[in-house]
Amino acid sequence: MRHIPTTAFGAILVGALTVSAEATTFKEPDAEFIEAASAIGLTGENWETPEFIASAMPHVYKFSHSYTLHKGDYVRELPQSDQVLNLEEVMVQDYDGPISARDFLLNRMQNHNAVIIQNGELIHEHYGNGLDEFSTHLDMSVSKSFTAMAAAIAVGKGLLNWEDPAIQYVPELAGTAFETATVQEISDMRTAVVLAPGTAEKYWDTRLSEAQGYYGQEKSEAYPNGTMDFFPLITERQDYAMGEKYDYQDVNSELLGLIVDRATGESFTTILEQDLLQKVGVASDAHFMSDKKGLAMGSTGMNMATKDLARVGLIFLNEGKNELGEQVLPAQFVSDLWEGNEAVRSAWLKGKESALAPGYYKDQFRVLEVGDYRILAMIGVNGQMCVINKETNSVIALNGAYPMAETPRFATMQFHQFVPAILDAMSN
């Protein structure tokens, strides 16, 4: 393969060539898949609609540019526990009475895959929608947590500092609403910038999705520099001091990914591949969606196997170490997530999610007090999540295709019904 010059954000695509960015592989949209999908009316523009989302979830990265994050030689084995969790026997109390956790998960939450680990052993796993333990699935905003993990590893290497002004890494932020933000405030989503209103179906600033090519490449034509053309559009802030209010906004995750790229001189997907996934011991390659210029989609790009997502969750029960004793994530980063601080607790109370549960949002993770439990959670819409709980020494990883992106009903089902029922069952 001949050498192709790269940008500050990693590899770029030239013509039809697939260009490597270090060990990760940068790919253009999969034309063969897109043609096959069109036979049922599935396109890059409509894949997230209720009619098509279940069919699309294992394949979404093929509509966009993406990086392949290759697994390494080491795979963490997950032995089967003698204590199997039978979801047909675990009951979830719903509005119309008790229902088995199996039926609640599959039929009401529209779940595809579930992997539940306790004490380092599998107590339950199932796969649906034509998937198996090696199949990738779009993780939606679970991806944000991976972007923050890449940032934490960069900090651990001395390449980045949480308290640095973001503009130090991205001078293009001059004149934008992020001009005075620190890396930490961006990572905690404490910037409270003003975005363009979305729609009922797409409740975010859709200019970001268009610039990225998230819904296919046609809409990205108006943004020749990809995501970099979106950041300058954000010039206003809400009436809060920088760092005062938590407001969940995808642009923070995209900017955090860009900061890591600038700090390290390569795509943050390289850190994820070599310093996280390969050391955690994933069993399958993952795919991280990207804009056409090679800037990975920090808010929504990860496509990985559910069982591998659970493997990642395990290191948060071990102070950031893998089963070999290697420090994968900085211990301080993991400790700070679990402990929180006054700034993120105060900011949480000013945001709308405070109605969900007591807790806070820090470094693209949520910590929630749910019933008798304290959970650390990576969360994505439509049913993607990885929940870690110390009291039961457990990890719950789910992937699914609930047909609506963000509803109070689904949040209740996840965090006030299903998760507590499973944790109760593991506690007994």
Side-chain angles (χ1 to χ4, degrees), residues 47-58 60 87 90-116 126 128-129 131 137-145 189 198-204 246-250 253 299-300 302 306 309-310 313 348 351-359 361 364-371 373 375-389 395-424:
W47 66 261
E48 204 174 17
T49 59
E51 183 174 17
F52 292 112
I53 190 168
S55 299
M57 277 300 200
V60 176
L87 295 189
V90 176
M91 303 308 292
V92 176
Q93 186 66 35
D94 204 9
Y95 79 98
D96 56 349
I99 181 173
S100 76
R102 177 187 181 278
D103 286 341
F104 189 81
L105 192 61
L106 297 179
N107 299 320
R108 300 200 176 178
M109 292 178 62
Q110 300 298 302
N111 172 260
H112 293 159
N113 305 336
V115 175
I116 305 176
H126 70 249
N129 199 35
L131 307 175
H137 193 290
L138 178 62
D139 281 317
M140 292 293 199
S141 289
V142 167
S143 312
K144 294 177 170 68
S145 303
M189 293 209 186
T199 65
E201 295 79 18
K202 298 176 181 178
Y203 50 86
W204 56 92
Y246 162 62
D247 196 4
Y248 185 79
Q249 299 168 320
D250 287 352
S253 311
S299 66
T300 190
M302 177 61 86
T306 310
L309 177 59
W348 176 263
K352 66 178 183 179
E353 288 184 32
S354 60
L356 174 63
Y361 188 95
Q364 315 279 297
F365 286 76
R366 289 172 179 84
V367 173
L368 302 175
E369 306 287 344
V370 179
Y373 302 102
I375 61 173
L376 177 67
M378 314 180 217
I379 303 171
V381 294
N382 305 105
Q384 329 316 317
M385 74 176 192
C386 182
V387 164
I388 304 106
N389 175 249
V395 174
I396 303 169
L398 304 179
N399 284 123
Y402 194 72
M404 297 180 69
E406 184 181 71
T407 70
R409 163 68 171 156
F410 192 75
T412 297
M413 285 196 293
Q414 279 184 303
F415 297 111
H416 293 286
Q417 294 178 272
F418 180 76
V419 167
I422 296 301
L423 295 178
D424 283 345

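These values consider heavy atoms only, across backbone and side chains, with no hydrogens, waters or symmetry-generated copies.
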Participant: Would you say His126 and Leu105 make side-chain contact, with heavy atoms under 4.5 Å?
Facilitator: yes

Participant: State whether the side chain of Asn382 and the backbone N or O of Tyr402 hold a donor-acceptor pair below 3.5 Å, judged by distance alone.
Facilitator: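 The answer is yes, because a donor-acceptor pair under 3.5 Å joins these two groups.
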
Participant: Show the nearest heavy-atom pair for residues Gln384 and Val381, with the distance to one decimal.
Facilitator: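 Where Gln384 meets Val381 most closely, the heavy atoms are NE2-O, 3.1 Å.
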
Participant: With Leu309 as reference, evaluate Leu398, Asp139, Asn113, Val115 under the side chain to side chain contact (heavy atoms under 4.5 Å, CB included) test and give the passing residue.
Facilitator: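 When side chain to side chain contact (heavy atoms under 4.5 Å, CB included) is applied between Leu309 and each of Leu398, Asp139, Asn113, Val115, only Asp139 qualifies.
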
Participant: May I have the list of side-chain donor-acceptor pairs in residues 90-99 shorter than 3.5 Å, sequence neighbours left out?
Facilitator:
residue: Asp94; atom: OD1; partner: Arg409; partner atom: NH1; Å: 3.2
residue: Asp94; atom: OD1; partner: Gln417; partner atom: NE2; Å: 2.9
residue: Asp94; atom: OD2; partner: Arg108; partner atom: NH1; Å: 2.4
residue: Asp94; atom: OD2; partner: Arg409; partner atom: NH2; Å: 3.1
residue: Asp96; atom: OD1; partner: Arg108; partner atom: NH1; Å: 3.1
residue: Asp96; atom: OD2; partner: Arg108; partner atom: NH2; Å: 3.0

Participant: Can you name the closest pair of heavy atoms from Met57 and Ala401 and give their distance?
Facilitator: CG-CB, 4.2 Å

Participant: Give me the atom names and distance for the closest heavy-atom approach of Cys386 to Val395.
Facilitator: SG-CG1, 3.7 Å

Participant: Find out whether Met140 and Glu48 are in side-chain contact, i.e. whether some heavy atom of one side chain is under 4.5 Å from a heavy atom of the other.
Facilitator: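 Counting from C-beta outward, Met140 and Glu48 do come under 4.5 Å.
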
Participant: To the nearest 0.5 Å, tell me how far Asp424 CG sits from Tyr373 OH.
Facilitator: 3.5 Å

Participant: Identify the two heavy atoms, one from Pro50 and one from Pro403, that lie closest to each other, and give their separation to 0.1 Å.
Facilitator: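 In this case the closest contact between Pro50 and Pro403 is CG-O, 3.7 Å.
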
Participant: Once you round to the nearest 0.5 Å, how far does CD1 of Ile422 lie from CZ of Phe104?
Facilitator: 10.5 Å

Participant: Return the CD1 to CD1 distance between Ile396 and Ile375, rounded to the nearest 0.5 Å.
Facilitator: 8.0 Å

Participant: I'd like to know if the side chain of Ser141 reaches the main chain of Lys144, judged simply by a donor and an acceptor atom lying under 3.5 Å from each other, with no hydrogens or angles considered.
Facilitator: no

Participant: CG of Leu376 to OG of Ser145: how many Å apart, nearest 0.5 Å?
Facilitator: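 The OG atom of Ser145 is 8.0 Å from CG of Leu376, to the nearest 0.5 Å.
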
Participant: Whether the side chain of Asn111 engages the backbone of Asn399 through a donor-acceptor N/O pair (distance < 3.5 Å, no angle test) should be reported.
Facilitator: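 Indeed, once roles are kept as given, a pair shorter than 3.5 Å links the two residues.
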
Participant: Anything under 30° is parallel, anything over 60° is perpendicular, the rest tilted; go ahead and classify Tyr248 against Tyr361.
Facilitator: perpendicular

Participant: Do you know which two heavy atoms are closest between Met109 and Phe418, and how far apart they sit?
Facilitator: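 Looking at all heavy atoms of both residues, the closest pair is SD-CB, 3.9 Å.
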
Participant: Are the side chains of Ser253 and Met189 in contact, using a 4.5 Å heavy-atom criterion?
Facilitator: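 Yes, side chains in contact.
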
Participant: Let me confirm one number: the CD-OG distance from Gln249 to Ser299, rounded to the nearest 0.5 Å.
Facilitator: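 It is 12.0 Å, given to the nearest 0.5 Å.
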
Participant: Does the side chain to side chain contact (heavy atoms under 4.5 Å, CB included) test come out yes or no for Trp348 and Val367, once each step is laid out?
Facilitator: CA-CA 11 Å; Trp348 176 263; Val367 173; over 6 Å; no

Participant: Looking at every heavy atom in both Asn129 and Ala54, which two are closest together, and how far apart are they?
Facilitator: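 Shortest heavy-atom contact: ND2-O, 2.8 Å.
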
Participant: In Å and rounded to the nearest 0.5 Å, what is the CG to CZ distance from Asn107 to Arg102?
Facilitator: 7.5 Å

